[in-house]
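Written out below as structure tokens is the structure these notes cover.
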Amino acid sequence: MSSPAQERRCVGRMVSALLLLLLSGCSCMDVIVPNSINAVNGSTVKIPCTFTSCYKMDVTKFSMNWTYKETSNDTEETFMSFNKKRGMVPARFTRFGDRVTFAGNLDKNDVSIILSDVQLDDVGIYNCNVINPPDRIHGYGAIQLNVVTELPPIRDSTIAVVIGASVGGALALLILSMVVVKCLRRHRTQELISEEKMEEEGKLEAEGVAEEETKQP
């Protein structure tokens, strides 16, 4: 039989192991990116990437990089990464040259970038890779960049608004006219009824006078 001291030590080891398991099991890393972005050839576009984590970012442990590949079967090329002394630093001698700049805010878990003078051959998959120890999950987000010669035209709703306003105004005027006509008709009807009633009362009064005159000797 084990002694009370041994039982206490055993319980203590179990509690410590459970706490260690709970602490090490925190894995809520999540990278938030759009699925795809359209950019006009020659324009400047922001490629957003933010992340959530169980732990506050520690620059001595934090790690992230942006990579590019033309298709899902190609090899990734790192064009920007985090340096604990210099922050986000573009890689030298990449396909983008100096066209990529950091546009995020590390204090807000924002590692977005800006790509300027977009070219047709910039089409591809942009990967945002984040590691924030002691979070065990490595965050990963992929954005498909599509480059077009022009964006689809925005539908001009001005004409529709003008037409709608005109139709609405015409309907309101028609309804108002109908109400006025109805009121005038009702008023005229009431006047006719009053006139007929007055004529009828006049006839009755005249007949009564005639009867009185006939009865007198």
Side-chain angles (χ1 to χ4, degrees), residues 10-41 43-148 151-152:
C10 182
V11 171
R13 293 193 190 99
M14 292 177 63
V15 171
S16 298
L18 181 59
L19 289 174
L20 180 61
L21 179 63
L22 290 174
L23 291 175
S24 62
C26 180
S27 56
C28 58
M29 167 69 72
D30 187 21
V31 172
I32 305 164
V33 297
N35 292 327
S36 63
I37 297 176
N38 293 329
V40 178
N41 184 33
S43 68
T44 296
V45 63
K46 181 177 181 179
I47 306 178
C49 177
T50 58
F51 67 92
T52 61
S53 175
C54 290
Y55 305 94
K56 185 177 180 180
M57 191 191 76
D58 183 348
V59 294
T60 63
K61 300 177 181 179
F62 179 76
S63 174
M64 83 84 50
N65 61 66
W66 278 96
T67 64
Y68 165 85
K69 56 183 179 180
E70 188 172 352
T71 68
S72 57
N73 296 324
D74 294 324
T75 303
E76 291 185 350
E77 173 189 1
T78 300
F79 62 87
M80 177 170 283
S81 58
F82 177 78
N83 181 288
K84 64 181 180 180
K85 292 184 178 180
R86 299 170 58 194
M88 298 295 296
V89 182
R92 299 179 63 185
F93 310 116
T94 66
R95 62 185 293 120
F96 304 110
D98 59 355
R99 294 188 295 124
V100 176
T101 55
F102 180 62
N105 186 336
L106 293 177
D107 292 333
K108 296 181 179 180
N109 293 357
D110 185 348
V111 289
S112 304
I113 58 172
I114 285 181
L115 176 62
S116 60
D117 191 18
V118 176
Q119 306 297 315
L120 292 175
D121 58 2
D122 290 336
V123 171
I125 303 171
Y126 292 73
N127 301 300
C128 179
N129 308 286
V130 181
I131 303 175
N132 189 42
D135 204 322
R136 296 185 303 150
I137 298 296
H138 292 189
Y140 174 86
I143 307 107
Q144 173 68 48
L145 177 65
N146 304 309
V147 181
V148 296
L151 290 175

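Between atom CD1 of residue Ile137 and atom SG of residue Cys54 there is a gap of 9.0 Å, rounded to the nearest 0.5 Å. Atom CG of Asp30 is separated from atom CG of Asn109 by 11.5 Å, given to the nearest 0.5 angstrom. The structure places CG of Asp107 at 6.5 Å from CE of Met57, a figure rounded to the nearest 0.5 Å. The distance from the CZ atom of Arg136 to the CE atom of Met29 is 12.5 Å, given to the nearest 0.5 Å. With rounding to the nearest 0.5 angstrom, the CZ atom of Phe96 is 6.0 Å from the CG atom of Leu115. In this structure, CG on Asp135 lies 12.0 Å from NZ on Lys61, to the nearest 0.5 angstrom.
Here Asn41 pairs with nothing under the side-chain hydrogen bond (donor to acceptor under 3.5 Å, both in side chains) rule; sequence neighbours left out.
Closest heavy-atom contact between Pro48 and Val33: O-CG1, 3.6 Å. Across all their heavy atoms, Ala142 and Ile125 have their closest contact at CB-CG2, 4.0 Å. Between Tyr68 and Gly124 the shortest heavy-atom distance is CE1-CA, 3.7 Å.
Applying the side-chain hydrogen bond (donor to acceptor under 3.5 Å, both in side chains) test to pairs two or more places apart or on separate chains, those with a residue in residues 85-102 are Arg99-Asp122. Pairs passing the side-chain hydrogen bond (donor to acceptor under 3.5 Å, both in side chains) check and including a residue from residues 70-79, sequence neighbours excluded, read Thr67-Glu76, Thr71-Asp74, Glu76-Asn127.
The shortest side-chain heavy-atom distance between Ile47 and Trp66 falls under the 4.5 Å cut-off. The shortest distance between side-chain heavy atoms of Asp58 and Pro133 does not fall below 4.5 Å. Annotation: side chain of Val111 is in contact with side chain of Phe102 (closest heavy-atom distance under 4.5 Å). Looking at heavy atoms from C-beta onward, Val130 lies in side-chain contact with Cys128 at the 4.5 angstrom threshold. Side-chain contact between Leu145 and Ile37 is present, with at least one heavy-atom pair separated by less than 4.5 Å.
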Could you walk me through whether Asn129 and Tyr140 pass side-chain contact (heavy atoms from CB on, under 4.5 Å), step by step?
-> CA-CA 5 Å; Asn129 308 286; Tyr140 174 86; 2.8 Å; yes
Does the pair Asn38 and Asn146 meet the rule for a side-chain contact (heavy atoms from CB on, under 4.5 Å), with working shown?
-> CA-CA 5 Å; Asn38 293 329; Asn146 304 309; 3.3 Å; yes
Go through Phe79 and Ile113 one step at a time and tell me if the side-chain contact (heavy atoms from CB on, under 4.5 Å) criterion holds.
-> CA-CA 11 Å; Phe79 62 87; Ile113 58 172; 3.6 Å; yes
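With no hydrogens or angles considered, no side-chain donor-acceptor pair links Asn105 and Asp110 at under 3.5 Å.
Atom CG of Asp121 sits in a crowded spot, with more than 12 heavy atoms from other residues, nucleotides or ligands closer than 6.0 Å.
The aromatic rings of Phe62 and Phe51 lie parallel to each other, their planes meeting at an angle below 30°, with 60° marking the opposite boundary.
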